[in-house]
Amino acid sequence: VADPTQFVLSSEAFLFYALAAVTLLSALVAVGMTRNVVVAAFSLVLSSVGVAGIFVLLSAHLLGAFQIWVYASSVFVLLLFALSSLAVRGGRFGALAPLRSVAKWVGVVAAGWLYAAMSSGLTPALRASEQSPEGFGGVRDLGSRLFSSYLVPVELIALLLLVVAVGGVVAVREKQS
Amino acid sequence: MLPLDHVVAFSALLFCVGAVGAITRRSLLVFLLSVQVMFNAVCIALVAFNRHWAEFAQRGAESLAAKSVGDASLLDGQALALVVIVLATLQLALGIGLAVALLRNRDSLNLEDLSTPRW
């Protein structure tokens, strides 16, 4: 007799291996397989999206959302800003023409991913990942944990954010002559 | 159910990829990317062990009546992973600032040009 939960669990495992393959391959491309820094940055973003999916599979939903926010938006914007400023200054990165073809493929992959998610292919696996206690890894639980017993590290990180913001400005500033 | 050892093995593999990149590549930007990959691997290991621990505590909850599983008492690993994510972002922000300064002063992004403490 086929156990329906067995299929659900194995689809979760299948999703993990697929995400792990995407993450590992794009990390390899980002780290060693290309000379183009823009391609490497895009690969890092793809790898980070895979890591976010693995977080969700491991019932860390809030961390998955944070991963996407942090890497796929702010880090990426930061990186592109730095690259454009470098390219404008030295011109050593040449035209950003490779950006176009890479962006096309990233868009194709993202659209396919979104379609797969919305056509409820992911729903059984996501349901399976909610075997942990109700609300585990959600906003309420992690937030109350962070702002009670982890209050000191949170405040220290806030201080560190301020220091890094000032330090970044100082490091980039032109020398006054 | 995801086997814990597979997740941890994947995390170790990802960490090794980042470490090899950080050691072998000479461009400062690629070095920063490699360190980000290493941070990601660490976060995956933290979250995986946290879930394993939570499931373990859930199974033992019948005998350990004091253990309250539904609340936020089992999220230490995820909280630590969140701290690691923030630290990785801070490191990248500062590293890119340093890269811009290095390019401005040395006209190069090669890490081997960073041999003097001052410029």
Side-chain angles (χ1 to χ4, degrees), chain A residues 9 12-13 16-17 20 23-24 27-28 30-32 37 40-41 44 47-48 51 54-55 57-60 62-63 66-67 70-71 74-75 78-79 82-83 85-86 89-90 131-137 140-142 144-146 148 150 153 157 160-161 164-165 167-172 174, chain B residues 1-3 6-7 10 13-14 17-18 20-22 24-25 27 29-30 32-34 36-37 40-41 43-44 47-48 50-51 54-55 58 69-83 85-94 96-101 103-105 107 109:
Chain A
L9 295 183
E12 184 190 23
F16 168 73
Y17 294 126
T23 306
L24 206 56
L28 269 174
V31 160
V37 187
L44 180 75
S47 168
S48 303
V51 170
I54 290 175
F55 280 168
L57 278 182
L58 291 171
S59 55
L62 185 62
L63 274 188
F66 276 153
Q67 179 83 6
V70 166
Y71 280 96
S74 60
V75 168
L78 204 63
L79 210 49
L83 286 175
S85 72
L86 297 182
R89 181 183 163 81
Q131 291 165 337
S132 41
E134 189 70 26
F136 181 80
R140 193 184 58 198
D141 282 356
L142 195 54
S144 64
R145 188 69 171 156
L146 276 178
S148 59
Y150 278 96
I157 276 190
L160 207 55
L161 271 169
V164 168
V169 170
V170 170
V172 176
E174 294 271 10
Chain B
M1 194 68 60
L2 282 180
H6 287 195
V7 185
F10 165 67
L13 214 56
L14 197 61
V17 167
V20 167
T24 56
R25 299 302 297 272
S27 160
L29 284 178
V30 179
L32 290 174
L33 293 187
S34 307
Q36 293 302 309
V37 171
N40 275 342
C43 286
I44 287 178
V47 172
N50 186 17
R51 167 158 162 176
E55 281 167 355
Q58 193 182 15
V69 172
D71 63 7
S73 62
L74 295 172
L75 287 169
D76 288 346
Q78 289 190 16
L80 193 54
L82 190 59
V83 172
I85 287 177
V86 176
L87 287 183
T89 313
L90 292 180
Q91 178 260 346
L92 187 61
L94 208 50
I96 287 180
L98 285 180
V100 172
L103 193 82
R104 184 170 288 156
N105 290 292
D107 216 20
L109 276 178

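As a basis for the values below, the full set of heavy atoms in this structure was taken, side chains included, without hydrogen atoms, waters or symmetry mates.
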With a 4.5 angstrom heavy-atom cut-off, which part of [X] approaches chain A: side chain, backbone, both or neither?
| X | value |
| --- | --- |
| B/Leu32 | neither |
| B/Val17 | both |
| B/Val83 | both |

Might you point out which heavy atoms bring [X] and [Y] nearest each other, and give the distance in Å?
| X | Y | answer |
| --- | --- | --- |
| A/Ala27 | B/Val37 | CB-CG1, 4.0 Å |
| B/Ser34 | A/Val31 | OG-CG2, 3.7 Å |
| B/Gln78 | A/Leu142 | CB-CD1, 3.9 Å |
| A/Ser48 | B/Asn40 | OG-ND2, 3.7 Å |
| A/Phe55 | B/Ile85 | CE1-CD1, 4.2 Å |
| A/Ala41 | B/Leu33 | N-CD1, 3.9 Å |

Do B/Leu87 and A/Leu160 have side chains that approach each other closer than 4.5 Å (heavy atoms only, starting at C-beta)? yes

Atom pair [atom1]/[atom2] of [X] and [Y] - distance to nearest 0.5 Å:
| X | Y | atom1 | atom2 | result |
| --- | --- | --- | --- | --- |
| B/Leu90 | A/Ile157 | CG | CD1 | 7.0 Å |
| B/Arg51 | A/Leu57 | CZ | CG | 8.0 Å |
| A/Phe66 | B/Thr89 | CZ | OG1 | 11.0 Å |
| A/Leu63 | B/Leu82 | CG | CG | 5.5 Å |
| B/Leu14 | A/Ile54 | CG | CD1 | 8.0 Å |

Scored by heavy-atom pairs under 4.5 Å with chain A, the best of B/Ala41, B/Gly21, B/Ala79, B/Ala88 is B/Ala79

Choice from B/Val20, B/Val30, B/Leu94, B/Val86 maximising heavy atom contacts with chain A below 4.5 Å: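 Heavy-atom pair counts peak at B/Leu94.
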
Is it the side chain or the backbone of A/Ser148 that comes within 4.5 Å of chain B heavy atoms, both, or neither? neither

Can you tell which part of A/Leu146 gets under 4.5 Å to a heavy atom of chain B, answering side chain, backbone, both or neither? side chain

Only pairs of heavy atoms separated by less than 4.5 Å count here; which of A/Val170, A/Val164, A/Val169 has the most with chain B? A/Val164

Quick one: does A/Arg145's side chain have a donor or acceptor within less than 3.5 Å of a partner on B/Asp76's backbone?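 No, because the side chain of A/Arg145 does not come within donor-acceptor range (under 3.5 Å) of the backbone of B/Asp76.
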
Whether B/His6 and A/Tyr17 hold their rings parallel, tilted or perpendicular, with breakpoints at 30° and 60°: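 Tilted, since the angle between the ring planes falls between 30° and 60°.
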
